[in-house]
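Letters A, B, ... are given to chains in the order of the sequence lines, protein chains preceding strands, and every chain is numbered from 1. The figures that follow rest on heavy atoms only: side chains count, while hydrogens, waters and symmetry mates do not.
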Protein chains: 2
Amino acid sequence: MTEEEFLKNYDSTEFQKPSVAVDLVLFTIRNEQLQVLLTERKQYPFIGKQALPGVFVQMEETLDESAQRALYQKAGLHDIYLEQLYTWGALDRDPRMRIISVSYYALVPDSRIPDSEQEKFFPVEEILQRNDIAFDHREIIRYGRERIRNKVSYTDIAFSLVPEEFTLPQLQKIYEILLGQKLYKANFRKKIADKIQPTEKLTSGSKHRPSRIYRKKD
Amino acid sequence: MTEEEFLKNYDSTEFQKPSVAVDLVLFTIRNEQLQVLLTERKQYPFIGKQALPGVFVQMEETLDESAQRALYQKAGLHDIYLEQLYTWGALDRDPRMRIISVSYYALVPDSRIPDSEQEKFFPVEEILQRNDIAFDHREIIRYGRERIRNKVSYTDIAFSLVPEEFTLPQLQKIYEILLGQKLYKANFRKKIADKIQPTEKLTSGSKHRPSRIYRKKD
DNA sequence: AATTGTTAGTAGCAATTTGCTACTTGCTAT
DNA sequence: ATAGCAAGTAGCAAATTGCTACTAACAATT
C-alpha cells in the first residue's frame, strides 16, 4: 500500500469524537480592577447564567483563528493581545456532550472596548466568589488570572492593557493590580526605563502636577 | 422545551469534528544532556520517521488520563511529573485528517527509565537541528524545552529529574542543563537550602572527597 | 502673592541577592 | 608525605530591591 492509497482509504469517521470549542477570557482593567467579559447564556445548558464567550472550532480554521473569531464576534475586537491558556477536558464539563475547550485569554485596554460591550465586564474578584457561573468557566478565569500574574513580571503584557499613550502612574497601577501588590515608584521606573519612550506631551486638566506621557519603545 | 427535553434531542453528530490526540514530550537528563523519548512510526503518515508518542483521546477519559495512558503504554512509566504544555491546531499538521493535539510534557529521572526504553531517548539539541521529525513534533519539543527553562527558576520541577536521593552537585548540574548556564556553587546552595534535607549518607567509590546525599524536604 | 493640598517625579541609603574568587576539607593514587 | 581532584565554605564587590524623604508643578484658597 502506498501512502497515497493509505490516505484515500483512511476513514476518519471510524471513531466517535469529542467536540472542540474555544473559550475566551477577555481581560481589561477598569475602576482599578481586573475585569472579564461574561455573556449571558441564551440556551441550554445553564440558560440565564453567565459564561465566557466561546465558539466551536470549525474544520477549516486553526485554534488561533477560532479565538480571533470569538474575539470579533463576541466583543467586536480586532488586533488584541491573544494567547492560548489551557485546554480543559473533564468528562462532564458540558452536560450536552463531550466538549474539549481550548481556552485563550486576551488583554485589551479599557479605552478600546466598544460602547456596546461596556456592560458585559465584571470584576474577577467578585466572579471568583460566586458559584453561579456556567460550566467550569470560573476555574478558567482563575487560571487565566494566575497566568497573567506570572507573566507580568517577565514579559511586557502589562502594556497590552494600556493605551498607546500612557503615563507612568497609569502603567504602574496596571502592574500593581495584576501583581496584587504595591510597587515602589522609583524602583518601578528604573525597571521599565528601557521599555518606554517619553513624548513631549504632558497630561492636563488635573488639579495637581501634570504627568509626562510615554509610549512603548519599538 | 425543558432542559431535559433539550438534552435528549441534542444531536451531537450534527457537525463534522476534528479528532483529538494527546502527544507526550517525555524529558530526562542523561549524559549531561536534556533528552526526549521518540518512537519510530510504523504506519503512514511519516512511516519510518521519529515522532513523539501519542494516543487518541477516548470518549471516557480526561486529557490528563490520556496523557497518563500514553506515558504508561509508550514508556511503561507511572507516577511521573506530568503537565499540559500546549494545544496544536494547524490545519495541515496531520495529512490524514484534522487532528488537534494536546501536548503534555513529563519529567523523569534517568534512573527510573526501564531498560526496554533506554534506546529511545535522543538529545534535544540534536533533534532541534534535524528536519526529519514527524508532524510538528520538533516544534512541540522546542516549546516544551522553553517551558521547562522558564519554570525551573520559580518552581521545583528540577527535582523531578533527580532520584529521591541525590547530591547537590548532581542537582546543580540539572539546573545548569535546564537553564543552559553555569551557576555559582555557594549561591546555588543558599537558594535551595530550604528545599532539601541532608541524610546521614555520603557517596562512596569516587576517588575524591565524597558528597553528602540529600532528599527533597516535605 | 503667598499658602495649602495633591500628585508627579527624584535622591539616596539600608538590606538583600547575585557575581565572583579564593580558600579549606576529605578522599584516592602515587 | 604529597599531589590531584572534586566537595564544600568564606567573604567581598556589584547589582537589585525595600523604603523614606525629599523636591516639582499644578489648582484652589486665602
| field | Interface limits on DNA chain C, where chain B has a heavy atom under 4.0 Å of a nucleotide atom | value | dT18(C) to dT28(C)
| Counting only heavy atoms not in Gln197(A), do more than 12 sit closer than 6.0 Å to its CD atom? | yes
| task | Please check if atom CD in Gln118(B) has more than 12 non-hydrogen atoms from other residues, nucleotides or ligands closer than 6.0 Å. | result | yes
| Which atom names give the shortest non-hydrogen contact between Leu128(B) and Arg142(B), and what distance separates them? |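 Of all heavy-atom pairs spanning Leu128(B) and Arg142(B), the closest is CD2-CB, 3.8 Å.
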| said: Please enumerate all residues that pass side-chain contact (heavy atoms from CB on, under 4.5 Å) together with Lys185(A), with sequence neighbours excluded. | reply: Gln172(A), Arg189(A)
| request: With sequence neighbours left out, write down each residue that passes ring pair (Phe, Tyr, Trp, His ring centres under 6.0 Å) with Tyr105(A), or none if nothing qualifies. | output: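 Testing Tyr105(A) for ring pair (Phe, Tyr, Trp, His ring centres under 6.0 Å), a comparison that skips the adjacent residues, returns none.
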| query | Parallel, tilted or perpendicular: which describes the rings of Tyr154(A) and Tyr154(B), with under 30° parallel and over 60° perpendicular? | reply |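 Tilted.
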| task | Without swapping roles, check the side chain of Ser103(B) against the backbone of Tyr86(B) for a donor-acceptor pair under 3.5 Å. | result |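 Such a contact is found between Ser103(B) side chain and Tyr86(B) backbone.
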Produce the list of close N/O pairs, under 3.5 Å, pairing protein atoms with atoms of nucleotides 25-27 of chain D; give distances to one decimal.
from, atom 1, to, atom 2, distance (Å)
dA25(D), N3, Arg209(A), N, 3.4
dC26(D), O2, Lys207(A), O, 3.3
dA27(D), O4', Lys207(A), O, 3.1

Charged N to carboxylate O under 4.0 angstrom, [X] versus [Y]?
| X | Y | result |
| --- | --- | --- |
| Lys49(B) | Glu40(B) | no |
| Glu164(B) | Lys216(B) | no |
| Glu125(A) | Arg130(A) | no |

| field | Contact residues, residues 153-178 of chain A to DNA chain D [heavy atom, < 4.0 Å] | value |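 The answer is none.
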| message | Taking the ring centre of each residue, are Trp88(A) and Phe135(A) less than 6.0 Å apart? | response |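 That pair fails the under 6.0 Å test.
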| request: Kindly state whether the ring of Phe159(B) and the ring of Tyr81(B) have centres lying under 6.0 angstrom apart. | output: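 Phe159(B) vs Tyr81(B): aromatic centres not under 6.0 Å.
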| note | The answer to which of Ala186(B) and Lys185(A) contacts DNA chain C further toward the 5' end, by nearest nucleotide, is Lys185(A)
Can you name the atoms? Protein N/O to nucleotides 14-17 of chain D N/O, anything below 3.5 Å, with the distance.
from, atom 1, to, atom 2, distance (Å)
dT17(D), OP1, Lys191(A), NZ, 3.4
dT17(D), OP2, Lys191(A), NZ, 3.4

